[in-house]
Undergrad: 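Quick one: structure below, then a few questions.
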Amino acid sequence: MVCNDEVVMVLETKENPVVWKHFDLCLMTDSHEMKRCKACGKFMKATANSTLKKYTDRHCPVTKAKKNEVGVASGTGSSNV
Ligand SMILES: [Zn+2]
């Protein structure tokens with residue numbers, strides 16, 4: 001995974017704690033903002049909170065793995081690790 005930008009600082013956000021529990025709002029070198037998944041470190045350009053929430057709920061590999069650990073009931077199509 002290659003990223004040209006570096007995180008200058010992590011900004012504080014107070015709105016939507018549900019989303020920001022899982023994401024950092026990062027200020028990048030060319031002064032645009034990116035969301036970073038706290039679990040897996042993936043950067044997202046998406047601004048819509050619903051998109052971010054959907055990511056943690058359904059796509060984040062780390063969060064997914066954790067969920068699988070908790071509820072090891074039925075093996076539904078696992079992919080990695
Ligand atoms: Zn993630």
Side-chain angles (χ1 to χ4, degrees):
M1 189 155 78
V2 182
C3 190
N4 296 326
D5 301 318
E6 279 178 41
V7 178
V8 177
M9 65 181 289
V10 175
L11 303 171
E12 281 217 10
T13 41
K14 292 200 172 110
E15 39 183 315
N16 291 296
V18 175
V19 170
W20 298 116
K21 202 167 88 174
H22 299 290
F23 284 88
D24 284 325
L25 180 60
C26 297
L27 183 66
M28 312 303 285
T29 40
D30 64 351
S31 77
H32 72 277
E33 292 171 4
M34 295 276 275
K35 276 86 175 186
R36 183 176 60 188
C37 177
K38 287 185 183 179
C40 67
K42 181 182 167 71
F43 284 97
M44 313 260 298
K45 268 184 197 165
T47 43
N49 288 333
S50 58
T51 306
L52 298 174
K53 190 159 186 304
K54 202 185 287 176
Y55 176 76
T56 33
D57 283 351
R58 310 163 73 158
H59 300 294
C60 177
V62 177
T63 305
K64 239 196 231 175
K66 271 186 197 163
K67 272 186 190 165
N68 286 343
E69 265 176 38
V70 177
V72 190
S74 54
T76 36
S78 53
S79 49
N80 47 14
V81 187

Undergrad: Please table the atom pairs, donor to acceptor, closer than 3.5 Å between any side-chain atom in residues 53-61 and protein atoms at least two apart or in another chain.
TA:
residue	atom	partner	partner atom	Å
K53	NZ	D57	OD2	3.1
T56	OG1	L52	O	3.2
T56	OG1	K53	O	2.8

Undergrad: Hey, can you pull the donor-acceptor pairs under 3.5 Å for the side chains in residues 16-27, sequence neighbours left out?
TA:
residue	atom	partner	partner atom	Å
W20	NE1	E15	O	3.0
D24	OD2	R36	NH2	3.3

Undergrad: Distance check, rounded to the nearest 0.5 Å: L11 atom CG versus T13 atom OG1?
TA: 8.0 Å

Undergrad: Taking it one step at a time, do M34 and K45 satisfy side-chain contact (heavy atoms from CB on, under 4.5 Å)?
TA: CA-CA 5 Å; M34 295 276 275; K45 268 184 197 165; 3.4 Å; yes

Undergrad: Compare every heavy atom of C40 with every heavy atom of V62, then report the nearest pair and how far apart it is.
TA: CG2-CB, 3.4 Å

Undergrad: In the structure I gave you, are the side-chain heavy atoms of K67 and E69 within less than 4.5 Å of one another anywhere?
TA: no

